Protein chains: 2
Amino acid sequence: MLGSVTDRTRLPTTSYAVLGLLSFRGAMSGYDLKKWSDFSLRFFFWSPATSNIYGELTRLRSLGYVTAREVRQDDLRNKRVFSITKDGRAALERWLRDAPIEPSVLKEHALLRVWLGDSTDPDRLIEVVKEQEQAAQATLAQLEHSIAEARKSERFSYPVLVEEWCERVTKARAEAYAELRAKLEKKART
Amino acid sequence: MLGSVTDRTRLPTTSYAVLGLLSFRGAMSGYDLKKWSDFSLRFFFWSPATSNIYGELTRLRSLGYVTAREVRQDDLRNKRVFSITKDGRAALERWLRDAPIEPSVLKEHALLRVWLGDSTDPDRLIEVVKEQEQAAQATLAQLEHSIAEARKSERFSYPVLVEEWCERVTKARAEAYAELRAKLEKKART
DNA sequence: TAGGACATGTAATCAGTTACATGATTAA
DNA sequence: TTAATCATGTAACTGATTACATGTCCTA
């Protein structure tokens, strides 16, 4: 009721995430955006599905926040690249300034299994935890690569700070899983 | 197509989370479940909305995984308490054994703001990060309380392990936010 | 010649939230 | 008397996913 007029411009976070990606470098296709978000947003936020990105792009365009341009990359294939507009930038800045920040979410599906450890096979549990430890280490390697890349350009100074945050927390996650595994192994022996 | 028969029994994770809560202690109401999940699942997974819990309870009952019993708590108010059935326990164990584990998700809404720091007021950014640091510390206090409680009973030995994991990672999150704040402050001074 | 990367989208579905509806009890 | 807690649910909505549809180019 209240806000029915105001909320016309209130978009899901994904819209702003896409707009944000576009604020770094213009002229990207939906495909490019998906790839890049898999290598950046994914670490601390989430990477939307491809179809979701195309959907957002359509919406953003109808709002005048992005413009599309057809690019012929070769004789047969066409590519539609998007750029953020002045209006889009303004909307992004408004959102950054005014939108309330939702509480952070940590969804560790593996821990739900451990939590219900009494109903599970202890060895399976140890395996699951080991896998998570490895997954965290793999993420860490990707992050380190990503940080090294991002440091090359001044333009990514903020993303670098965020990735360093992620690095620290991912390290802690890996260690916490290692500790948990040790505890589970000890528990299994008794 | 494949699985159209098999998937009849494939439920969303929330169903199993509710079933899991019920596996610890029987005879809980929807209201109880919501409260408890706010103090346990929330830390490492997520706490479903009240209406969501009631919905799951209905579904679980129709599958024969839980039974309901009416409890008259005083002259006027009635309470419907639920207990897990043998079938429910079997379904939970099957899920724990067989279901693939989805990748973990970390959604730090505040970091999306930092990531887009070039489009934001630096002082506002520092404030936002400070708030996250405090939020993490508040979570830490709740966790410590929760761990102390859970240690009182043998039955919660697995939940204690999970909460210790959370404690460690939440500490790291708080520290990572503190470090980030320091970097932002330094950046602002230059 | 098969598989992966490039490239774009629609349609169906789903998991979950918010808003709403209702009403008693208890503590400040 | 006001707010919080107890207590249960339905209905409308929405954000996002999965499945599907289509086709080229390049590499092993």
Side-chain angles (χ1 to χ4, degrees), chain A residues 1-4 7-8 10-18 27-39 41-42 45-62 66 68-82 100 102-103 105 107 109, chain B residues 1-4 7-8 10-18 27-39 41-42 45-62 66 68-82 100 102-103 105 107 109:
Chain A
M1 202 167 272
L2 215 160
S4 63
D7 287 3
R8 204 191 295 274
R10 199 192 165 185
L11 305 172
T13 312
T14 308
S15 303
Y16 296 104
V18 170
M28 297 177 83
S29 67
Y31 189 85
D32 294 332
L33 287 164
K34 170 60 178 164
K35 260 199 316 178
W36 192 27
S37 85
D38 279 347
F39 281 90
L41 293 178
R42 212 207 68 196
F45 197 64
W46 148 79
S47 194
T50 309
S51 61
N52 194 188
I53 287 179
Y54 283 106
E56 290 302 338
L57 248 15
T58 309
R59 188 210 312 246
L60 254 21
R61 206 169 67 143
S62 80
V66 303
R69 187 165 48 89
E70 217 71 25
V71 170
R72 200 162 304 122
Q73 44 173 23
D74 50 49
D75 284 344
L76 291 150
R77 282 191 295 176
N78 266 24
K79 202 181 184 175
R80 175 174 285 177
V81 292
F82 297 85
E102 279 144 84
V105 180
K107 246 188 184 171
H109 291 262
Chain B
M1 199 169 272
L2 215 158
S4 64
D7 287 4
R8 203 191 295 277
R10 198 190 165 188
L11 305 171
T13 312
T14 309
S15 303
Y16 296 105
V18 170
M28 296 177 85
S29 67
Y31 189 85
D32 295 332
L33 286 164
K34 170 60 178 163
K35 260 200 317 178
W36 192 25
S37 84
D38 279 347
F39 281 92
L41 294 178
R42 213 207 68 195
F45 197 65
W46 149 77
S47 193
T50 310
S51 61
N52 194 189
I53 288 179
Y54 283 106
E56 290 303 338
L57 249 15
T58 308
R59 187 209 314 244
L60 255 19
R61 206 169 68 145
S62 80
V66 302
R69 187 164 48 89
E70 216 70 27
V71 170
R72 199 161 305 120
Q73 44 174 24
D74 49 49
D75 285 343
L76 292 151
R77 282 192 296 175
N78 266 25
K79 202 182 185 174
R80 176 175 284 177
V81 292
F82 297 85
E102 279 144 85
V105 180
K107 245 188 184 171
H109 291 264

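All chains are named by letter (A, B, ...) in the order of the sequence lines, taking the proteins before the strands, and each is independently numbered beginning at 1. A quick note: this is a predicted structure, and the numbers were derived from the prediction, not measured.
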Hey, could you give me the [atom1]/[atom2] distance between [X] and [Y], rounded to the nearest 0.5 Å?
{"X": "Ser15(A)", "Y": "Leu57(A)", "atom1": "OG", "atom2": "CG", "value": "10.0 Å"}
{"X": "Arg69(A)", "Y": "Lys79(A)", "atom1": "CZ", "atom2": "NZ", "value": "10.5 Å"}
{"X": "Phe82(B)", "Y": "Thr58(B)", "atom1": "CZ", "atom2": "OG1", "value": "6.5 Å"}

Separation of atom [atom1] in [X] from atom [atom2] in [N], rounded to whole Å:
{"X": "Lys34(A)", "N": "dT17(D)", "atom1": "NZ", "atom2": "C1'", "answer": "11 Å"}
{"X": "Arg59(A)", "N": "dG9(C)", "atom1": "CZ", "atom2": "C1'", "answer": "16 Å"}
{"X": "Phe39(A)", "N": "dA5(C)", "atom1": "CZ", "atom2": "C1'", "answer": "13 Å"}
{"X": "Leu11(A)", "N": "dC13(D)", "atom1": "CG", "atom2": "P", "answer": "19 Å"}
{"X": "Lys79(B)", "N": "dT25(C)", "atom1": "NZ", "atom2": "P", "answer": "15 Å"}

Counting only side-chain N and O atoms of [X], is one of them less than 4.0 Å from OP1 or OP2 of [N]?
{"X": "Lys35(B)", "N": "dC6(D)", "value": "yes"}
{"X": "Ser29(A)", "N": "dT8(C)", "value": "yes"}
{"X": "Trp46(B)", "N": "dA15(C)", "value": "no"}
{"X": "Thr14(B)", "N": "dG16(C)", "value": "yes"}
{"X": "Tyr54(A)", "N": "dT8(C)", "value": "yes"}
{"X": "Tyr31(B)", "N": "dT8(D)", "value": "no"}

(request) Considering non-hydrogen atoms only, spot the tightest contact between Val66(A) and Arg61(A) and give its length. (result)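 In terms of heavy atoms, the two residues are closest at O-CG, 3.4 Å.
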
Of the candidate nucleotides [options], which contains the atom at the shortest distance from the side chain of [X]?
{"X": "Asn52(B)", "options": "dG16(C), dA7(C), dT8(D)", "result": "dG16(C)"}
{"X": "Glu56(B)", "options": "dT17(C), dT8(D), dG16(C)", "result": "dG16(C)"}
{"X": "Ala49(B)", "options": "dT8(D), dT17(C), dA19(D)", "result": "dT17(C)"}

(request) For Ser51(B) and for Lys107(B), locate the closest nucleotide of DNA chain D by heavy-atom distance; then report the residue assigned to the nucleotide nearer the 5' terminus. (result) Ser51(B)

